[in-house]
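Whatever order the structure lists them in is the order used to number ligands and atoms, beginning at 1. These numbers come from the heavy atoms of this one structure, side chains and all, not from hydrogens, waters or symmetry mates. Given the structure is predicted, the values throughout are model-derived calculations rather than measurements.
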Amino acid sequence: MTDLPTLLLIHGFPHDHTLWDPQVTALSDSAHVLAPDLRGFGTSGPVPEVMTMEAYAEDLKKLLDERGVPPSEPVVLCGLSMGGYVALAFLERWPERVKALVLCNTRSGADTEEGRAARQETARNAKEKGVPVIARAMLPKVLSEHTRTTDPELSASMEAMMARQRPEAVAAAALGMARRPDRTALLSTITVPTLIITGAEDELMPLPTSEAMHQAIAQSELVVIPNVAHLSNVEDPVRFNATLRNFLSSLPHA
Ligand code: MLT
(Lines give C-alpha, C1' and ligand atoms only; values in the text may rest on other atoms or scores of the structure.)
Protein backbone atom coordinates (compact mmCIF):
# COMPACT_ATOMS: atom_id res chain seq x y z
CA MET A 1 0.00 0.00 0.00
CA THR A 2 1.14 3.54 -0.76
CA ASP A 3 0.09 6.48 1.36
CA LEU A 4 -2.34 7.71 -1.30
CA PRO A 5 -5.73 8.60 0.18
CA THR A 6 -8.90 6.78 -0.79
CA LEU A 7 -11.13 8.98 -2.92
CA LEU A 8 -14.77 7.93 -2.77
CA LEU A 9 -16.72 9.39 -5.70
CA ILE A 10 -20.50 9.58 -5.23
CA HIS A 11 -22.60 10.10 -8.34
CA GLY A 12 -25.76 12.19 -8.65
CA PHE A 13 -29.31 11.62 -9.85
CA PRO A 14 -30.20 9.73 -11.95
CA HIS A 15 -26.69 8.58 -12.71
CA ASP A 16 -24.46 5.59 -12.18
CA HIS A 17 -20.76 5.13 -11.50
CA THR A 18 -19.87 5.81 -15.14
CA LEU A 19 -20.47 9.49 -14.43
CA TRP A 20 -16.96 9.36 -12.95
CA ASP A 21 -15.25 7.71 -15.93
CA PRO A 22 -13.24 10.89 -16.67
CA GLN A 23 -11.84 10.78 -13.12
CA VAL A 24 -11.29 7.12 -12.26
CA THR A 25 -8.16 6.47 -14.30
CA ALA A 26 -7.00 10.05 -14.55
CA LEU A 27 -6.78 10.45 -10.79
CA SER A 28 -5.40 7.00 -10.02
CA ASP A 29 -1.94 8.53 -9.60
CA SER A 30 -3.26 10.75 -6.82
CA ALA A 31 -5.66 8.47 -4.93
CA HIS A 32 -7.14 5.00 -4.60
CA VAL A 33 -10.34 5.81 -6.45
CA LEU A 34 -13.64 4.13 -5.59
CA ALA A 35 -16.67 4.97 -7.73
CA PRO A 36 -19.56 2.69 -6.76
CA ASP A 37 -23.13 2.63 -8.03
CA LEU A 38 -25.53 3.93 -5.40
CA ARG A 39 -28.10 1.28 -4.55
CA GLY A 40 -30.55 0.70 -7.40
CA PHE A 41 -28.43 2.50 -10.01
CA GLY A 42 -26.18 0.92 -12.61
CA THR A 43 -25.71 -2.74 -11.88
CA SER A 44 -26.37 -2.55 -8.14
CA GLY A 45 -29.08 -4.36 -6.21
CA PRO A 46 -32.79 -3.73 -5.66
CA VAL A 47 -34.13 -0.78 -3.69
CA PRO A 48 -36.94 -0.25 -1.20
CA GLU A 49 -39.74 2.22 -2.04
CA VAL A 50 -37.67 5.12 -0.65
CA MET A 51 -33.87 5.43 -0.51
CA THR A 52 -32.90 8.11 1.97
CA MET A 53 -29.56 9.90 1.81
CA GLU A 54 -28.74 8.21 5.12
CA ALA A 55 -29.37 4.76 3.60
CA TYR A 56 -27.02 5.49 0.69
CA ALA A 57 -24.43 6.76 3.21
CA GLU A 58 -24.76 3.56 5.20
CA ASP A 59 -24.16 1.53 2.03
CA LEU A 60 -20.99 3.52 1.41
CA LYS A 61 -19.75 2.98 4.94
CA LYS A 62 -20.29 -0.78 4.43
CA LEU A 63 -18.44 -0.58 1.13
CA LEU A 64 -15.42 1.00 2.83
CA ASP A 65 -15.46 -1.75 5.43
CA GLU A 66 -15.77 -4.45 2.75
CA ARG A 67 -12.91 -2.95 0.75
CA GLY A 68 -10.73 -3.01 3.84
CA VAL A 69 -10.42 0.75 4.24
CA PRO A 70 -9.81 0.96 7.99
CA PRO A 71 -11.27 3.65 10.25
CA SER A 72 -7.67 4.77 10.87
CA GLU A 73 -7.50 5.85 7.20
CA PRO A 74 -10.21 8.45 6.66
CA VAL A 75 -11.19 9.03 3.05
CA VAL A 76 -11.72 11.95 0.72
CA LEU A 77 -15.46 12.07 0.07
CA CYS A 78 -16.48 13.63 -3.22
CA GLY A 79 -20.15 13.91 -4.16
CA LEU A 80 -21.86 15.55 -7.09
CA SER A 81 -25.34 16.96 -6.58
CA MET A 82 -27.34 14.13 -4.94
CA GLY A 83 -23.91 12.63 -4.24
CA GLY A 84 -23.19 15.78 -2.25
CA TYR A 85 -26.36 15.25 -0.20
CA VAL A 86 -25.12 11.72 0.52
CA ALA A 87 -21.63 13.00 1.38
CA LEU A 88 -23.09 15.39 3.97
CA ALA A 89 -25.25 12.60 5.44
CA PHE A 90 -22.11 10.43 5.68
CA LEU A 91 -20.06 13.21 7.25
CA GLU A 92 -22.75 13.92 9.81
CA ARG A 93 -22.76 10.31 10.97
CA TRP A 94 -19.12 9.29 10.53
CA PRO A 95 -17.02 12.48 10.66
CA GLU A 96 -14.01 10.48 11.84
CA ARG A 97 -13.99 8.56 8.53
CA VAL A 98 -13.65 11.74 6.45
CA LYS A 99 -10.24 13.27 5.75
CA ALA A 100 -11.46 15.87 3.27
CA LEU A 101 -14.61 16.78 1.41
CA VAL A 102 -15.36 17.72 -2.19
CA LEU A 103 -18.84 19.10 -2.83
CA CYS A 104 -19.63 19.44 -6.52
CA ASN A 105 -22.70 21.19 -7.93
CA THR A 106 -24.64 20.61 -4.76
CA ARG A 107 -26.27 22.33 -1.81
CA SER A 108 -26.88 21.80 1.90
CA GLY A 109 -30.52 22.87 2.10
CA ALA A 110 -33.67 20.75 2.04
CA ASP A 111 -36.33 20.84 -0.68
CA THR A 112 -39.05 23.45 -0.61
CA GLU A 113 -42.68 22.32 -0.42
CA GLU A 114 -42.89 22.82 -4.18
CA GLY A 115 -39.68 20.86 -4.67
CA ARG A 116 -41.06 17.95 -2.66
CA ALA A 117 -44.20 17.88 -4.79
CA ALA A 118 -42.01 17.81 -7.91
CA ARG A 119 -40.12 14.79 -6.50
CA GLN A 120 -43.44 12.93 -6.10
CA GLU A 121 -44.18 13.68 -9.72
CA THR A 122 -40.73 12.53 -10.81
CA ALA A 123 -41.23 9.28 -8.90
CA ARG A 124 -44.61 8.75 -10.56
CA ASN A 125 -43.29 9.67 -14.00
CA ALA A 126 -40.35 7.29 -13.66
CA LYS A 127 -42.74 4.39 -13.21
CA GLU A 128 -45.57 5.50 -15.50
CA LYS A 129 -43.83 7.29 -18.37
CA GLY A 130 -40.37 5.76 -18.11
CA VAL A 131 -36.95 7.11 -17.23
CA PRO A 132 -35.98 8.10 -20.83
CA VAL A 133 -38.66 10.83 -20.69
CA ILE A 134 -37.08 12.20 -17.51
CA ALA A 135 -33.58 11.95 -19.00
CA ARG A 136 -34.62 13.89 -22.10
CA ALA A 137 -36.16 16.66 -19.99
CA MET A 138 -33.13 16.84 -17.69
CA LEU A 139 -30.45 17.03 -20.37
CA PRO A 140 -30.68 20.79 -21.09
CA LYS A 141 -30.62 21.44 -17.35
CA VAL A 142 -27.55 19.37 -16.60
CA LEU A 143 -25.34 20.33 -19.54
CA SER A 144 -24.58 23.91 -20.53
CA GLU A 145 -25.49 25.13 -23.98
CA HIS A 146 -21.76 25.34 -24.66
CA THR A 147 -21.33 21.63 -23.82
CA ARG A 148 -24.37 20.59 -25.85
CA THR A 149 -23.27 22.46 -28.94
CA THR A 150 -19.57 21.65 -28.78
CA ASP A 151 -19.85 18.02 -27.68
CA PRO A 152 -22.99 16.29 -29.03
CA GLU A 153 -21.40 12.89 -28.35
CA LEU A 154 -21.08 13.68 -24.66
CA SER A 155 -24.67 14.95 -24.63
CA ALA A 156 -25.85 11.67 -26.15
CA SER A 157 -23.88 9.56 -23.71
CA MET A 158 -25.11 11.54 -20.67
CA GLU A 159 -28.71 11.20 -21.85
CA ALA A 160 -28.20 7.47 -22.39
CA MET A 161 -26.62 7.08 -18.94
CA MET A 162 -29.62 8.73 -17.27
CA ALA A 163 -32.17 6.96 -19.50
CA ARG A 164 -30.92 3.46 -18.71
CA GLN A 165 -31.50 3.73 -14.93
CA ARG A 166 -34.23 1.57 -13.48
CA PRO A 167 -37.57 3.29 -12.72
CA GLU A 168 -37.67 1.88 -9.16
CA ALA A 169 -34.21 3.30 -8.43
CA VAL A 170 -35.11 6.71 -9.85
CA ALA A 171 -38.39 6.81 -7.91
CA ALA A 172 -36.76 5.70 -4.65
CA ALA A 173 -34.00 8.31 -4.97
CA ALA A 174 -36.46 11.10 -5.80
CA LEU A 175 -38.57 10.27 -2.75
CA GLY A 176 -35.43 9.98 -0.61
CA MET A 177 -34.17 13.40 -1.71
CA ALA A 178 -37.57 14.88 -0.82
CA ARG A 179 -37.12 13.62 2.74
CA ARG A 180 -33.60 14.88 3.29
CA PRO A 181 -33.17 17.35 6.12
CA ASP A 182 -31.59 20.76 5.85
CA ARG A 183 -27.91 20.17 6.66
CA THR A 184 -26.83 23.81 6.54
CA ALA A 185 -26.12 23.82 10.28
CA LEU A 186 -23.63 20.99 9.72
CA LEU A 187 -21.45 23.19 7.51
CA SER A 188 -20.06 25.34 10.32
CA THR A 189 -18.95 22.18 12.15
CA ILE A 190 -16.82 20.94 9.23
CA THR A 191 -13.17 21.10 10.12
CA VAL A 192 -11.67 19.07 7.28
CA PRO A 193 -10.30 20.69 4.12
CA THR A 194 -13.20 21.19 1.74
CA LEU A 195 -13.24 21.91 -1.96
CA ILE A 196 -16.44 23.23 -3.51
CA ILE A 197 -16.65 22.96 -7.30
CA THR A 198 -19.47 24.25 -9.42
CA GLY A 199 -20.28 25.29 -12.96
CA ALA A 200 -20.81 28.95 -13.81
CA GLU A 201 -23.89 27.95 -15.82
CA ASP A 202 -25.43 25.56 -13.28
CA GLU A 203 -29.08 26.59 -12.98
CA LEU A 204 -30.02 23.61 -10.82
CA MET A 205 -27.52 24.71 -8.17
CA PRO A 206 -27.05 28.43 -8.81
CA LEU A 207 -23.75 30.00 -7.78
CA PRO A 208 -25.05 31.67 -4.57
CA THR A 209 -25.74 28.17 -3.24
CA SER A 210 -22.06 27.26 -3.52
CA GLU A 211 -20.95 30.67 -2.28
CA ALA A 212 -23.07 30.21 0.85
CA MET A 213 -21.47 26.80 1.54
CA HIS A 214 -18.04 28.34 1.01
CA GLN A 215 -18.87 31.09 3.53
CA ALA A 216 -20.11 28.58 6.07
CA ILE A 217 -17.25 26.03 5.86
CA ALA A 218 -14.14 27.42 7.49
CA GLN A 219 -11.43 25.57 5.56
CA SER A 220 -13.07 25.70 2.15
CA GLU A 221 -12.08 26.71 -1.34
CA LEU A 222 -14.58 27.50 -4.11
CA VAL A 223 -13.78 26.86 -7.74
CA VAL A 224 -16.23 27.95 -10.43
CA ILE A 225 -15.67 26.36 -13.84
CA PRO A 226 -16.70 28.56 -16.77
CA ASN A 227 -18.94 27.35 -19.64
CA VAL A 228 -20.09 24.43 -17.54
CA ALA A 229 -23.48 23.65 -15.97
CA HIS A 230 -24.42 20.83 -13.58
CA LEU A 231 -22.13 17.96 -14.61
CA SER A 232 -18.88 19.84 -14.15
CA ASN A 233 -16.74 16.70 -13.93
CA VAL A 234 -17.74 15.49 -17.40
CA GLU A 235 -18.27 18.86 -19.07
CA ASP A 236 -14.73 20.05 -18.35
CA PRO A 237 -12.78 17.07 -17.02
CA VAL A 238 -9.42 18.73 -17.67
CA ARG A 239 -10.21 21.66 -15.39
CA PHE A 240 -12.10 19.50 -12.89
CA ASN A 241 -9.31 16.93 -12.61
CA ALA A 242 -6.58 19.56 -12.31
CA THR A 243 -8.55 21.22 -9.49
CA LEU A 244 -9.15 17.95 -7.69
CA ARG A 245 -5.57 16.72 -8.16
CA ASN A 246 -4.27 19.97 -6.76
CA PHE A 247 -6.58 19.66 -3.76
CA LEU A 248 -5.53 16.04 -3.16
CA SER A 249 -1.86 16.94 -3.26
CA SER A 250 -2.44 19.73 -0.73
CA LEU A 251 -3.83 17.34 1.87
CA PRO A 252 -1.63 16.32 4.76
CA HIS A 253 -0.33 12.75 4.48
CA ALA A 254 -1.82 10.19 6.83
C1 MLT B 1 -28.62 15.53 -9.19
O2 MLT B 1 -27.96 15.84 -10.20
O3 MLT B 1 -28.20 14.67 -8.40
C4 MLT B 1 -29.95 16.18 -8.98
O5 MLT B 1 -30.09 17.29 -9.81
C6 MLT B 1 -30.13 16.57 -7.53
C7 MLT B 1 -31.50 17.08 -7.25
O8 MLT B 1 -32.42 16.82 -8.03
O9 MLT B 1 -31.68 17.75 -6.22
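- Some N or O of H230 is nearer than 3.5 Å to an N or O of ligand 1, by distance alone.
- Ring geometry for W20 against F240 counts as tilted: the plane angle lies between 30° and 60°, on a 0 to 90° scale.
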inquiry  = Checking S81 against H230 for the side-chain contact (heavy atoms from CB on, under 4.5 Å) test, could you report, in this order, the C-alpha distance in whole Å, the side-chain angles of both residues, the deciding distance, and whether it holds?
reply    = CA-CA 8 Å; S81 199; H230 192 57; 2.9 Å; yes
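- Of the candidates R107, M82, H11, R119, the one placing a heavy atom closest to atom 7 (C) of ligand 1 is R119.
- The closest protein non-hydrogen atom to atom 6 (C) of ligand 1 is S81 OG, 3.1 Å.
- In terms of the side chain to side chain donor-acceptor pair (under 3.5 Å) criterion, R179 has no residue partners (sequence neighbours excluded).
- Taking distance alone, with nitrogen or oxygen atoms compared against 3.5 Å, G12 stays at or beyond that limit from ligand 1.
- Among protein heavy atoms, the minimum distance from atom 9 (O) of ligand 1 is reached at Y85 OH, 2.6 Å.
- Within the 4.5 Å cutoff, the side chain of L8 has heavy atoms near those of the P36 side chain.
- For R97 and D65, the salt-bridge test passes: some basic side-chain N is under 4.0 Å from an acidic carboxylate O.
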